[in-house]
Amino acid sequence: MERLQLDFNNMMQGQIGPHGLTDGDLAAIAPRVLAAQRTFMEQRGQGMMGWTSLPYEQGAVVEEILAYAQDIRARGIRNFVVLGIGGSSLGPIAVHQALNHLHYNELPDEKRPGPRLYVEDNIDPERMRALMDIIDVRETVFNVISKSGNTSETTSQFLIIRHALKEALGQDYASHIVCTTSRDSGSLVKIARAEGFRLFAIPDGVGGRFSETCPVGLLPAAVCGIDIASLLAGAADMDKRCQQQDMHQNPAMMAAALSVLSMEKGMNISVMMPYADSLRYVADWYAQLWGESLGKLKDTRGNIVRAGQTPVKSLGVTDQHSQLQLYAEGPQDKVITFLAVGDYRTGMPIPKDGVGIESTDFLCGHSLEELIQAERKATAYALTRAGQMNMTITLPTLNAHTLGQLLYYFQVQTALTGFMLGVDPFDQPGVENSKNATYAMLGRAGYDDKRRELEQAPKAEEKYRI
Ligand code: PA5
């Protein structure tokens, strides 16, 4: 089996100097990470840890999804549009980019394993209009994804699309909408039942940012021809590694220990830097997982802790020419995680015929894969010499199985880190205030108190506007 590998040499004093971690630090934190791992084992499959069961319990769901994906192709549907936001969109985007052709939508129909995929995760009116300019809704299926079934952004997109479909197709409109939402709660499931939309359920105990391996992610992936059974098998393999109690055998445990140790040493920033365009949106997905799960005002006992580590997305090699100067010489407040791929899925040789200038011709006969690997290693070396903490996660090759391992590894690392910090990694109370303020501004019933609160808030002063 191709296994994800975590190399954390460059977190250690022996490599980066006094600023680094020691074997003593690892030994000292071992009981805490073990306690977190025990919590993980005790709570698996319960409460908000339903996502730990997803790799094992979805045989029937996978069959249903594959049949639906086949049906979409048989109907000649040309576009599949996801309407969703946050945990309901970042996973589908990340998996699509990682496993499909990098110009998937531009491929001719016969070279694509499914319809074109669009994930509309914002409510910018120009973007929505632009989508409507390039698709024909009669050839399109819209997948409305919302765990709560009540999210304003997704609901407003849904209302726009429903109206457009009804105008174009009359009563046939319902076969162009498929909803992925909670089985029993929220408005979306009620609407879907009332109007006859196809429904896929988000299981209980699976929060938005932990939902990629349920129908939220599996449906769009399957429609585009991704091997979702392998994705789940990869997650299951990682889950087995994550059940081991020895942190030296369990990559998520080790990563959680390193994260907490680094935070305690003042590393307030976590830079995720894939050296593969295909993994660039995994960095976005990770940013939500890490930021929303750990960024908490209070711990589970109600003490003010202001926990968290700011996630930053970076892309190798592109951002070597943008952010690397800061990483090398700026504040020692960050951990850089490189995402490496052992073997790229395609080669691109650099031709042997040079131009007769040494500073150009030294590249001749090499390849882009050699160059990108050399630049990744050189960057890790340079950061290490600069005393900056960094580590490397390597996928031997990138496929559905190794991607499943990677996503699941990050989920367990996040849960364990949350437990070690004493916060609830599965809630997001800080997001509610902004949602409620939006409801109040748009006059939603039941938000009068919030409206009054907004009216009484300190007024902005002209002198601070120029
Ligand atoms: O991780 C989360 O819970 C959030 O980011 C949600 O996914 C996001 O707010 C969208 O919510 P919903 O899926 O309920 O529409």
Side-chain angles (χ1 to χ4, degrees), residues 47-52 54 81-95 119-124 128 142-162 177-192 197 199-220 281-297 307-308 310-311 313 407-408 410-415 417-418 423-439 442 444:
M48 285 312 289
M49 287 199 28
W51 51 272
T52 57
L54 294 176
V81 178
V82 170
L83 306 177
I85 196 163
S88 293
S89 65
L90 289 162
I93 294 171
V95 169
V119 183
E120 298 302 306
D121 65 344
N122 202 355
I123 47 167
D124 180 336
M128 201 68 181
F142 295 89
N143 183 195
V144 189
I145 308 181
S146 177
K147 160 86 178 172
S148 64
N150 295 326
T151 300
S152 304
E153 294 88 342
T154 307
T155 305
S156 58
Q157 290 176 321
F158 160 72
L159 290 170
I160 292 165
I161 291 305
R162 174 177 173 271
I177 297 179
V178 50
C179 297
T180 309
T181 189
S182 297
R183 209 182 303 271
D184 303 312
S185 61
S187 306
L188 187 57
V189 68
K190 295 192 189 91
I191 301 167
F197 304 146
L199 256 175
F200 286 93
I202 302 177
D204 293 340
V206 179
R209 51 194 182 271
F210 291 82
S211 68
E212 176 47 34
T213 47
C214 83
V216 168
L218 298 181
L219 178 59
Y281 295 116
V282 168
D284 277 285
W285 174 87
Y286 165 83
Q288 186 212 12
L289 181 70
W290 199 243
E292 205 165 89
S293 301
L294 303 181
K296 300 289 153 71
L297 175 64
T310 304
K313 309 173 284 183
L407 300 182
Y408 196 85
F410 279 134
Q411 291 181 183
V412 180
Q413 178 198 1
T414 302
T417 305
V423 300
D424 181 348
F426 307 119
D427 68 1
Q428 53 282 324
V431 180
E432 297 307 314
N433 205 11
S434 136
K435 278 190 192 171
N436 294 340
T438 307
Y439 295 149
L442 292 182
R444 183 171 169 185

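Basis for what follows: all heavy atoms, side chains included, without hydrogens, waters or symmetry-related copies. Every number for a ligand or one of its atoms is a count from 1 in the order of the listing.
- Below 4.0 Å from some heavy atom of Ser146 lie the following atoms of ligand 1, by number and element: 12 (P), 13 (O), 14 (O), 15 (O).
- Checked against a 3.5 angstrom limit, the closest N/O atoms of Thr154 and ligand 1 fall outside it.
- The contact set between ligand 1 and Thr151, taken as ligand atoms under 4.0 Å from a residue heavy atom, comprises 11 (O), 12 (P), 14 (O), 15 (O).
- For ligand 1, the atoms lying closer than 4.0 Å to a non-hydrogen atom of Gln288 are 1 (O), 2 (C), 4 (C), 5 (O).
- Counting only heavy atoms of the protein, atom 7 (O) of ligand 1 lies nearest to Gly87 N, 2.9 Å.
- Taking a cut-off of under 4.0 Å to the non-hydrogen atoms of Ile85, the atoms of ligand 1 that pass are 7 (O), 8 (C), 10 (C).
- Between Asp204 and Arg183 there is no salt bridge, since none of the side-chain N atoms of the basic residue sits less than 4.0 Å from a carboxylate O of the acidic one.
- In this structure, the protein non-hydrogen atom closest to atom 9 (O) of ligand 1 is Lys435 NZ, 4.1 Å.
- With hydrogens and angles disregarded, a donor-acceptor distance shorter than 3.5 Å links the side chain of Lys147 to the backbone of Val206.
- Distance check: Phe197 CZ to Phe158 CZ gives 4.0 Å after rounding to the nearest 0.5 Å.
- Within the set Glu292, Glu432, Glu153, Gln428, the minimum heavy-atom distance to atom 4 (C) of ligand 1 is found for Glu292.
- Distances below 4.0 Å separate heavy atoms of Ser148 from the following atoms of ligand 1: 12 (P), 14 (O), 15 (O).
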